[in-house]
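Here the structure is a predicted model, which is why all the values come from computation and not from measurement.
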Amino acid sequence: MKTIMSGLIFVLLAVSGMALLVGNAKAELNMQQRENVQTIVWVFEFVTFVTAMAIVWFVWRMIKQDSENKKSKQDNS
């Protein structure tokens with residue numbers, strides 16, 4: 001669980017850092033460059049979403065497996 005939390009913190013810091021950079025980039029770039037930056041942001045947001053879903057799936061799977069192990073131990077007792 002500790003590694004999951006450290007991974008989530010890393011992802012949160014990366015996303016917040018990108019948000020700050022995008023804000024600065026939009027303020028100083030012309031329209032064509034803004035579209036390029038927006039494309040990069042969309043790709044980064046997609047990767048972040050997929051990463052978050054993978055983490056949720058992994059945690060859900062671990063919880064389910066732990067619950068099944070507890071049930072099997074109770075049945076054996």
Exercise for review: Please list, chain by chain and in numerical order, all residues satisfying side-chain contact (heavy atoms from CB on, under 4.5 Å) with K71, sequence neighbours excluded.
Suggested key: S67
Practice item. Report yes if the side chains of F58 and M62 come closer than 4.5 Å at any heavy-atom pair, otherwise no. Key: yes
Review point. Atom CG in D66, atom NZ in K64: separation rounded to 0.5 Å?
Key: 13.5 Å
Point to revise | Q65 atom CD, over 12 foreign heavy atoms within 6.0 Å | key: no
